[in-house]
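Keep in mind it's a predicted model, so treat the numbers as computed, not measured. Heavy-atom basis, side chains included; hydrogens, waters and symmetry copies ignored. Note on naming: letters A, B, ... go to the chains in the order of the sequence lines (proteins, then strands), and numbering restarts at 1 for each one.
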There are 2 protein chains.
Amino acid sequence: MVTIRDVAKDSGFSATTVSIVLNNAPLARYIPTATKKRIEGAAKKLGYRPNLFARSLRSRRSHTVGVMVFDMTDPFCTLVLRGIENSLYQASYLPILTDVQNERARFERYLEMLLDRRVEALIVLANWLFVNIDVLGDLEKSNIPTVMIGRELKNDSISSVIVDNELGGYTAVEHLYALGHRKIAFIRGPKSLTDSAPRWKGVKAFAKARGLEIDPRLAVDLPESRHPTSSFETGYKLTEEMLKAKRPFTALMAFDDMTAFGAIRALSRAGLRVPQQCSVVGFDDVAAASLCTPPLTTIRQPMEAMGAMAASIVLEGISAMLEKRELPAVHRKLAPELAVRDSTRSPA
Amino acid sequence: MVTIRDVAKDSGFSATTVSIVLNNAPLARYIPTATKKRIEGAAKKLGYRPNLFARSLRSRRSHTVGVMVFDMTDPFCTLVLRGIENSLYQASYLPILTDVQNERARFERYLEMLLDRRVEALIVLANWLFVNIDVLGDLEKSNIPTVMIGRELKNDSISSVIVDNELGGYTAVEHLYALGHRKIAFIRGPKSLTDSAPRWKGVKAFAKARGLEIDPRLAVDLPESRHPTSSFETGYKLTEEMLKAKRPFTALMAFDDMTAFGAIRALSRAGLRVPQQCSVVGFDDVAAASLCTPPLTTIRQPMEAMGAMAASIVLEGISAMLEKRELPAVHRKLAPELAVRDSTRSPA
DNA sequence: ACGTTTTAATAAAACGATTCTTCACAGATT
DNA sequence: AATCTGTGAAGAATCGTTTTATTAAAACGT
């Protein structure tokens with residue numbers, strides 16, 4: 001391995017000067033171009049690569065950002081990660097990604113690992129986190145810029161980025177209503193998931209505004225669960241039960257895409273075709289939504305944008321920290337978008 | 001921040017002794033239990049956490065493994081990552097995951113970043129990598145244990161883990177044949193993808209063994225593409241064309257699940273129901289395969305196992321390296337598994 | 001011609017661990 | 001009595017940077 005001293009020797013200057021030149025430190029201003037050229041030349045010739053451990057040890061900076069996801073296999077997260085990744089990449093930060101797998105123990109262990117590695121900020125992707133929100137306590141202690149994606153916070157030390165669930169719920173039911181549906185079944189999210197209430201609130205807001213009647217026997221809740229794809233099965237079961245109950249409906253609004261897939265399966269098993277006999281609308285717009293047949297009409301979360309937003313928030317937080325500015329937490333709510341595909345149409 | 005010297009002071013011993021005790025170094029054998037207890041007590045009391053930069057700088061170890069995926073949004077990779085992650089986690093290694101996004105430039109930059117951070121090994125997840133395989137050259141130079149998942153290598157410095165594509169192809173067509181299908185359409189993978197040839201070879205092997213006739217006009221190739229989900233659209237188009245050509249077939253074997261989804265869409269658009277009028281079998285078993293309706297019969301790649309296998313290969317490589325043993329590259333081929341769902345059935 | 005900036009470069013001191021070498025003292029062995 | 005050996009612990013060197021003084025000459029203003 002070639003060290004800074006090798007470059008110093010080769011170029012004929014001291015290690016100090018080499019460091020100053022290569023990092024373009026403030027003092028580099030006083031160094032003549034000829035010297036700079038010589039040093040840069042030597043560095044390139046020798047293939048010098050600074051030892052990041054030494055550098056970080058001295059400078060107390062790691063140029064890394066910790067990213068924790070609660071479940072990597074949840075299709076929701078890969079696009080968010082794209083957004084994060086791209087933003088950090090531009091800023092020359094390396095994301096260190098950990099998959100907590102919905103386990104408290106892993107969360108703690110990975111958080112420790114990340115802090116031990118002196119990540120300069122933390123992005124937490126809380127897709128489907130039921131496990132008690134007391135992880136917030138752990139996060140607050142870390143004292144580095146932190147942002148949580150997918151969980152609404154009124155916290156002033158941790159920032160948040162979420163989708164506007166209420167608007168999403170409103171938009172979804174508005175779409176069905178506009179198509180002419182009046183008998184709509186609803187599968188709401190689990191009570192403990194913070195997304196559930198606002199989505200439903202949006203639905204009720206629309207219903208009230210337009211005088212849509214909601215049959216309480218056609219509005220059911222997903223049960224609690226730790227696994228994000230479990231809503232497929234529970235969506236299937238709940239739909240089956242509603243069908244058995246013989247309360248007719250021409251459209252179904254599912255809490256998320258997984259639930260919608262489960263509902264479609266149940267409808268199909270019962271001999272009902274989607275969308276001919278029943279429309280279905282989901283929420284999220286995971287990759288599979290556009291792949292299955294019929295492709296799913298759904299409310300798209302702007303996942304890449306959310307990731308990018310989160311990254312820019314923590315990057316801003318890092319600069320603030322370096323300049324010793326106090327920076328209050330920010331809370332962003334991004335608008336979702338209706339993606340109309342083939343799983344919805346006007347009732348016969 | 002509390003340093004090892006603080007612990008030394010508090011416990012009344014030297015930093016040396018503290019280091020030896022806390023790391024359970026060989027010399028710790030000579031240290032009485034009482035001393036150990038005192039030191040461990042002090043460390044815990046002060047909340048001592050060793051500075052990893054200092055530690056790594058001195059010990060020349062990072063306890064990290066670089067993981068490069070060529071496209072994170074490819075659903076194929078998340079489960080493989082699970083497998084990798086779980087194995088590394090147990091061994092107390094931290095994976096550093098980078099998403100190359102199929103760009104050569106990113107590959108190079110990330111590889112540099114990882115090597116700069118002194119990862120002790122490299123796992124490359126080459127799902128859908130068309131970009132010239134000359135990345136191998138770059139990888140070989142790194143001189144750390146390296147394994148490639150998803151690309152067959154006859155290389156003796158880089159290990160590989162792949163699925164047995166030939167067996168998979170054989171199994172898929174065998175399944176269709178057993179159901180009674182004799183007119184089968186095939187969508188083969190792109191020529192440049194190394195998975196394509198062996199899968200087709202498996203098909204031909206079965207056909208020859210059982211006397212199944214393959215109509216060359218019903219066997220088409222996916223075009224080249226850099227994007228893994230593009231096979232959805234091209235699968236759609238190719239199926240459409242085969243339908244237009246009016247050569248009847250009762251089953252279709254797709255190169256992968258994406259292609260199968262595209263094919264199902266085309267069949268459905270043409271008014272053909274799956275599986276009633278045409279069976280479809282895919283390859284991979286991505287998450288969406290079991291979610292869509294009808295759920296897709298497919299050849300499951302043992303993704304978690306592949307990830308775990310790759311991780312254990314590099315961990316073994318690391319130990320070998322530490323003990324200065326020469327360890328030749330190993331090449332593993334894992335058997336896929338037929339997942340029978342509802343997209344296949346006997347012809348009418 | 002004198003003190004003050006500016007320019008140019010360096011030596012030495014961190015940064016916080018690990019590891020190499022040395023030392024002291026038992027008790028056992030020649 | 002002298003020499004090993006096994007314990008127990010510490011001092012000093014080291015890892016490869018960055019940063020903090022410091023020095024020394026050159027440029028500048030009066």
Side-chain angles (χ1 to χ4, degrees), chain A residues 1-43 46-64 112-113 115-118 120 322, chain B residues 1-43 46-64 92 113 115-118 120 322:
Chain A
M1 275 291 91
V2 25
T3 79
I4 201 173
R5 262 173 275 269
D6 298 324
V7 178
K9 197 153 297 176
D10 190 272
S11 65
F13 293 95
S14 71
T16 309
T17 310
V18 173
S19 174
I20 289 169
V21 168
L22 262 27
N23 293 307
N24 199 19
L27 257 52
R29 172 163 57 98
Y30 297 132
I31 300 203
T33 322
T35 305
K36 288 183 180 169
K37 285 268 177 293
R38 285 250 302 284
I39 290 178
E40 279 154 6
L46 301 178
Y48 169 65
R49 310 236 87 214
N51 180 315
L52 294 194
F53 296 139
R55 188 208 285 273
S56 295
L57 173 60
R58 180 66 238 225
S59 65
R60 304 174 158 295
R61 305 219 31 204
S62 67
H63 271 280
T64 57
E112 262 183 4
M113 280 189 172
L115 295 177
D116 279 351
R117 289 196 152 74
R118 299 292 195 278
E120 297 183 29
L322 289 176
Chain B
M1 274 292 93
V2 25
T3 78
I4 201 172
R5 262 171 276 269
D6 298 323
V7 178
K9 197 152 296 173
D10 190 272
S11 65
F13 293 95
S14 71
T16 308
T17 310
V18 173
S19 174
I20 289 169
V21 168
L22 261 26
N23 294 308
N24 200 18
L27 257 53
R29 175 163 52 98
Y30 296 133
I31 302 208
T33 322
T35 305
K36 287 182 180 169
K37 284 268 176 291
R38 286 249 302 283
I39 289 178
E40 280 154 4
L46 301 178
Y48 169 65
R49 309 236 87 214
N51 181 314
L52 294 193
F53 296 139
R55 188 209 286 274
S56 294
L57 173 60
R58 179 68 239 233
S59 65
R60 305 174 158 293
R61 305 216 34 202
S62 67
H63 271 281
T64 57
S92 284
M113 280 191 173
L115 295 177
D116 278 353
R117 290 198 149 74
R118 299 291 196 278
E120 297 183 29
L322 288 177

*Using modelled atom types only, decide if a donor and an acceptor are shared between the side chain of Glu120(A) and the backbone of Arg61(A) within a distance under 3.5 Å.*
no
*Degree of bending, the helix from dA1(C)-dT30(D) to dT30(C)-dA1(D) (end axes from five pairs; round to 10°)*: 60°
_Value in whole Å for how far the C1' atom of dA17(C) lies from CD1 of Ile39(B)_ = 15 Å
*Taking C-beta and beyond as the side chain, do Arg118(B) and Asn51(A) meet within less than 4.5 Å on heavy atoms?*
yes
*asked:* Working note: Tyr48(A) + Leu22(A), criterion side chain to side chain contact (heavy atoms under 4.5 Å, CB included); need CA distance, chi angles, decisive distance, verdict.
replied: CA-CA 10 Å; Tyr48(A) 169 65; Leu22(A) 262 27; 3.7 Å; yes
*asked:* What verdict does the side chain to side chain contact (heavy atoms under 4.5 Å, CB included) test give for Arg49(B) and Leu115(A), after you've listed the backbone C-alpha separation in whole Å, the side-chain angles of each residue and the deciding distance to 0.1 Å?
replied: CA-CA 10 Å; Arg49(B) 309 236 87 214; Leu115(A) 295 177; over 6 Å; no
*Quick one: label Arg61(A) by what it contacts on the DNA or RNA (base, sugar-phosphate, nothing), any heavy atom closer than 4.0 Å.*
nothing
_Between C1' of dA8(C) and NZ of Lys36(A), the distance in whole Å_ = 12 Å
*Expressed in angstrom and rounded to an integer, what is the separation of Arg29(A) atom CZ from dT7(C) atom C1'?*
10 Å
*Report yes if some heavy atom in the side chain of Arg117(B) is under 4.5 Å from a heavy atom in the side chain of Thr64(A); otherwise report no.*
yes
Taking only N/O atoms, report every protein-nucleotides 18-26 of chain C pair under 3.5 Å with atom names and distance.
{"unit_1": "dT18(C)", "atom_1": "OP1", "unit_2": "Asn23(B)", "atom_2": "OD1", "d": "3.3"}
{"unit_1": "dT18(C)", "atom_1": "OP1", "unit_2": "Asn23(B)", "atom_2": "ND2", "d": "2.8"}
{"unit_1": "dT18(C)", "atom_1": "OP1", "unit_2": "Arg55(B)", "atom_2": "NH1", "d": "3.0"}
{"unit_1": "dT18(C)", "atom_1": "OP2", "unit_2": "Ser19(B)", "atom_2": "OG", "d": "2.5"}
{"unit_1": "dT18(C)", "atom_1": "OP2", "unit_2": "Asn23(B)", "atom_2": "ND2", "d": "3.2"}
{"unit_1": "dT18(C)", "atom_1": "O2", "unit_2": "Arg58(B)", "atom_2": "NH1", "d": "2.9"}
{"unit_1": "dT19(C)", "atom_1": "O4", "unit_2": "Thr16(B)", "atom_2": "OG1", "d": "3.4"}

_Within the 3.5 Å criterion, strictly below it, is a donor on Ser19(B) or Thr16(B) matched to an acceptor on the partner's side chain?_
no
*Whole Å only: how far is the CG atom of Leu22(B) from the C1' atom of dG16(C)?*
14 Å
*Go through the structure and list residues passing side chain to side chain contact (heavy atoms under 4.5 Å, CB included) with Arg58(B), not counting sequence neighbours.*
none
*asked:* Tell me the interatomic distance from Asp116(A), atom CG, to dA17(C), atom C1', rounded to whole angstroms.
replied: 13 Å
Which donor-acceptor pairs under 3.5 Å do the side chains of residues 28-39 of chain B make with protein atoms, sequence neighbours left out?
{"unit_1": "Lys36(B)", "atom_1": "NZ", "unit_2": "Ala28(B)", "atom_2": "O", "d": "3.4"}
{"unit_1": "Arg38(B)", "atom_1": "NH2", "unit_2": "Ser11(B)", "atom_2": "O", "d": "2.9"}

*Partners of Arg60(B) by salt bridge (Lys or Arg N to Asp or Glu O under 4.0 Å), sequence neighbours excluded?*
none
*Counting distance only, does the side-chain N/O of Asp10(B) pair as donor-acceptor with the main-chain N or O of Asp6(B) below 3.5 Å?*
no
*asked:* Could you check whether any side-chain heavy atom of Asp116(A) comes within less than 4.5 Å of a side-chain heavy atom of Met113(A), counting everything from C-beta outward?
replied: no
*Could you give the start and end, 5' to 3', of the contact zone on DNA chain D for chain B, using atoms under 4.0 Å from its heavy atoms?*
dT7(D) to dG16(D)
*Is Ile31(B) touching bases, backbone alone, or none of the nucleic acid, heavy atoms closer than 4.0 Å?*
sugar-phosphate
*Would you mind classifying the nucleic acid contact of Phe13(B) as base, sugar-phosphate or nothing, using non-hydrogen atoms under 4.0 angstrom?*
sugar-phosphate
*Looking for any heavy atom pair under 4.0 Å, which part of the strands does Thr35(A) touch: base, sugar-phosphate only, or nothing?*
sugar-phosphate
